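Read the structure below first, then the notes.
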Protein chains: 2
Amino acid sequence: MTPRRTTRGAQTRDAILRAAADVASVDGLEGLSIGRLATELAMSKSGLFAHFGSKEELQLATIEEARQRYVREVIAPALGWRPGITRLYALCDAFLSYVERDVFPGGCFFASAMAEFDCKAPGAVRDRIAECQEQWMRTLERAADDARAIGELPSDSDSRQLAFELEAALLSANWYFHLYKDATYLTRARRAVQTRLSNETARAGLHSLPPDD
Amino acid sequence: MTPRRTTRGAQTRDAILRAAADVASVDGLEGLSIGRLATELAMSKSGLFAHFGSKEELQLATIEEARQRYVREVIAPALGWRPGITRLYALCDAFLSYVERDVFPGGCFFASAMAEFDCKAPGAVRDRIAECQEQWMRTLERAADDARAIGELPSDSDSRQLAFELEAALLSANWYFHLYKDATYLTRARRAVQTRLSNETARAGLHSLPPDD
DNA sequence: CCTACCGATCGGTAGG
DNA sequence: CCTACCGATCGGTAGG
């Protein structure tokens with residue numbers, strides 16, 4: 001018994017989800033239509049539908065596909081850098097590169113999904129989007145914590161506040177880059193990140209570290 | 001001939017547009033459905049439709065209604081403050097107050113619309129959204145220019161960069177406040193704005209912000 | 001402003 | 001994986 005790594009069905013499923021994630025980044029997870037996806041993939045609507053059983057399951061599977069793409073294209077590369085301020089900077093840079101490289105045709109999948117669901121009624125899809133976004137924020141926050149632990153940021157540095165401000169610049173770059181088709185906004189975000197991190201590290205240089213922390 | 005200020009038809013139209021702007025802030029301008037709006041307003045679909053002639057015209061009229069609400073609730077109050085750094089701060093504060101007061105049930109209408117249309121094909125609706133957003137950014141930018149002109153910001157201060165960074169904090173506060181139903185994010189944005197403006201004024205050894213209001 | 005209707009598309013099902 | 005179909009809803013129209 002030598003089971004195939006990926007059955008034919010699983011390959012089809014993956015192809016569906018790659019297309020679904022691309023479509024949803026532009027038209028939203030609600031705008032995803034099973035009929036349209038089926039046409040795009042040259043298969044029948046019910047054949048596609050059978051892989052998921054409901055639109056909500058398709059949406060959840062699409063989020064998981066997008067999450068894996070995000071880990072591969074943004075988080076994993078940045079984790080190649082040593083922990084601390086270098087990695088924090090690398091995470092921001094990797095995000096902006098991911099936007100610039102058009103990893104999703106509709107810009108950052110999770111930015112779009114957060115904007116689509118932030119005011120929607122609770123449900124499995126909304127909850128999952130909130131979790132993914134929280135996970136990314138925690139990744140930024142942990143990088144800031146590491147930087148503080150090794151003295152690259154002041155001991156009274158607020159990692160959550162810093163993560164919020166960095167993520168704000170990244171998200172805005174995503175919207176404006178696409179709305180105005182102008183890469184200047186990516187540069188503005190890079191400058192914002194650099195200035196913010198420089199200010200934070202400069203505080204460490206000015207104040208000597210307290211005797212105990 | 002003493003024409004009524006508002007005919008009955010115009011009143012109906014206004015009621016439609018108020019409801020449309022509320023719905024669109026949650027479900028998007030594409031998610032706006034004429035049938036659903038008609039049901040909500042207890043009128044027939046075709047009766048409502050006759051006011052606009054096409055869905056696109058309804059969308060454009062809805063944007064104009066939202067724009068007027070935004071001017072009334074955010075821009076006008078802030079313009080009550082004297083030009084310069086005070087007004088720049090007031091604009092940011094007015095935006096966060098507008099989000100906190102739930103002026104639209106789906107958070108900032110233009111944030112939602114920008115996120116919905118940033119990667120869509122060009123068209124009248126997308127163009128109008130881009131114009132409105134640009135107008136708001138210019139409002140922030142002009143306030144920064146004024147501040148620089150009267151020596152409240154350094155002469156080499158980059159107003160567009162400053163406006164981008166302030167707007168980034170405001171937009172992110174809007175998303176996170178609604179996604180996590182947590183007013184802490186409004187506080188984070190206020191702190192980000194204060195820190196950013198303080199840093200900018202401090203660069204030239206200028207006085208920091210006026211005493212807390 | 002209404003009723004009545006159009007073709008297209010939606011998510012989902014039956015049966016194979 | 002398919003064809004064939006369901007009821008509901010979409011934007012829009014005819015006619016009044």
Side-chain angles (χ1 to χ4, degrees), chain A residues 3-4 6-24 26-63 65 113 116-117 120-121 123-126 128, chain B residues 3-4 6-24 26-63 65 113 116-117 120-121 123-126 128:
Chain A
R4 273 169 301 202
T6 54
T7 65
R8 211 159 301 135
Q11 284 180 354
T12 302
R13 197 186 129 103
D14 284 351
I16 293 168
L17 292 176
R18 278 193 297 272
D22 283 348
V23 169
V26 176
D27 293 323
L29 278 161
E30 295 292 347
L32 244 193
S33 127
I34 293 164
R36 191 188 141 190
L37 254 188
T39 303
E40 192 171 306
L41 291 159
M43 62 188 292
S44 72
K45 211 175 70 167
S46 67
L48 191 155
F49 186 83
H51 281 277
F52 307 99
S54 74
K55 180 167 177 180
E56 188 176 69
E57 285 304 318
L58 167 62
Q59 290 172 320
L60 290 169
T62 301
I63 292 170
E65 150 72 19
E116 185 182 1
F117 282 93
K120 289 252 164 74
V125 173
R126 186 187 190 281
R128 189 72 188 111
Chain B
R4 274 170 300 201
T6 53
T7 66
R8 212 159 303 137
Q11 285 179 354
T12 302
R13 197 185 128 102
D14 284 351
I16 293 168
L17 292 176
R18 279 193 296 272
D22 284 349
V23 169
V26 176
D27 293 323
L29 279 161
E30 295 292 348
L32 244 193
S33 127
I34 293 164
R36 190 188 142 190
L37 253 188
T39 302
E40 192 172 308
L41 291 159
M43 64 189 291
S44 72
K45 212 176 68 168
S46 68
L48 190 154
F49 187 83
H51 281 276
F52 307 99
S54 73
K55 179 166 177 179
E56 188 176 69
E57 284 304 318
L58 167 62
Q59 290 172 320
L60 291 169
T62 300
I63 293 171
E65 151 71 20
E116 184 181 3
F117 283 92
K120 289 253 163 73
V125 173
R126 184 186 191 281
R128 190 71 188 111

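Here the structure is a predicted model, which means the values were calculated and not measured. Note that these values count all heavy atoms, side chains included, but never hydrogens, waters or copies made by symmetry. In the text below, chain A, chain B and the rest are named by the order of the sequence lines, each starting its count at 1.
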Closest contact, heavy atoms only, Phe52(B) versus Arg13(B): CE2-NH1, 3.6 Å
dC1(C) OP1/OP2 closer than 4.0 Å to side-chain N/O of Thr12(B): yes
dC1(C) base / Ser44(B) side chain donor-acceptor hit below 3.5 Å: no
Atom pair distance, as rounded to whole Å: CG in Asp27(A) and P in dC10(C): 11 Å
Between dC10(D) (C1') and Arg36(A) (CZ): distance, integer Å: 16 Å
Closest nucleotide among dC1(D), dG12(C), dA14(C) to the Lys55(A) side chain: dG12(C)
Any N/O donor-acceptor pair, Lys45(A) side-chain to dG11(C) base, under 3.5 Å: yes
Spacing of CG belonging to Leu37(A) relative to CG belonging to Asp22(A), to within rounding of 0.5 Å: 10.0 Å
Thr62(B) and Ile16(B), any side-chain heavy atoms less than 4.5 Å apart: no
Length of the NE2-C1' vector between His51(A) and dG12(C), whole Å: 16 Å
Side-chain heavy atoms of Val23(A) within contact of Glu40(A), under 4.5 Å: yes
Intra- and inter-strand pairs of DNA chain D in dot-bracket (Watson-Crick or G-U wobble, both distances under 3.5 Å; | for another strand): ||||||||||||||||
Interatomic distance where CD1 belongs to Ile34(B) and P belongs to dT13(D) [whole Å]: 10 Å
Nucleotide nearest Ser54(A) when distance is taken to its side chain, options dG12(D), dA14(C), dG12(C): dG12(C)
Length of the CZ-P vector between Phe49(A) and dT3(D), whole Å: 17 Å
Arg36(A): salt bridge (charged side-chain N to carboxylate O under 4.0 Å, His left out) partners, not counting sequence neighbours: Asp27(A)
Length of the CZ-C1' vector between Phe52(B) and dC1(C), whole Å: 14 Å
Check: dT9(D) base within 3.5 Å donor-acceptor of Ser33(B) side chain: no
Residue pairs, two or more places apart or on separate chains, that pass side chain to side chain donor-acceptor pair (under 3.5 Å) and touch residues 47-58 of chain B: none
Least distance between heavy atoms, Gln59(B) atom then Val125(B) atom: OE1-CG2, 3.5 Å
Atom-to-atom span, CG of Leu41(B) to P of dC1(C) - whole angstrom: 10 Å
Spacing of Gln59(A) atom CD relative to dG11(C) atom C1', expressed in whole Å: 11 Å
Sugar-phosphate, base or nothing in reach of Leu32(B), heavy atoms under 4.0 Å: sugar-phosphate
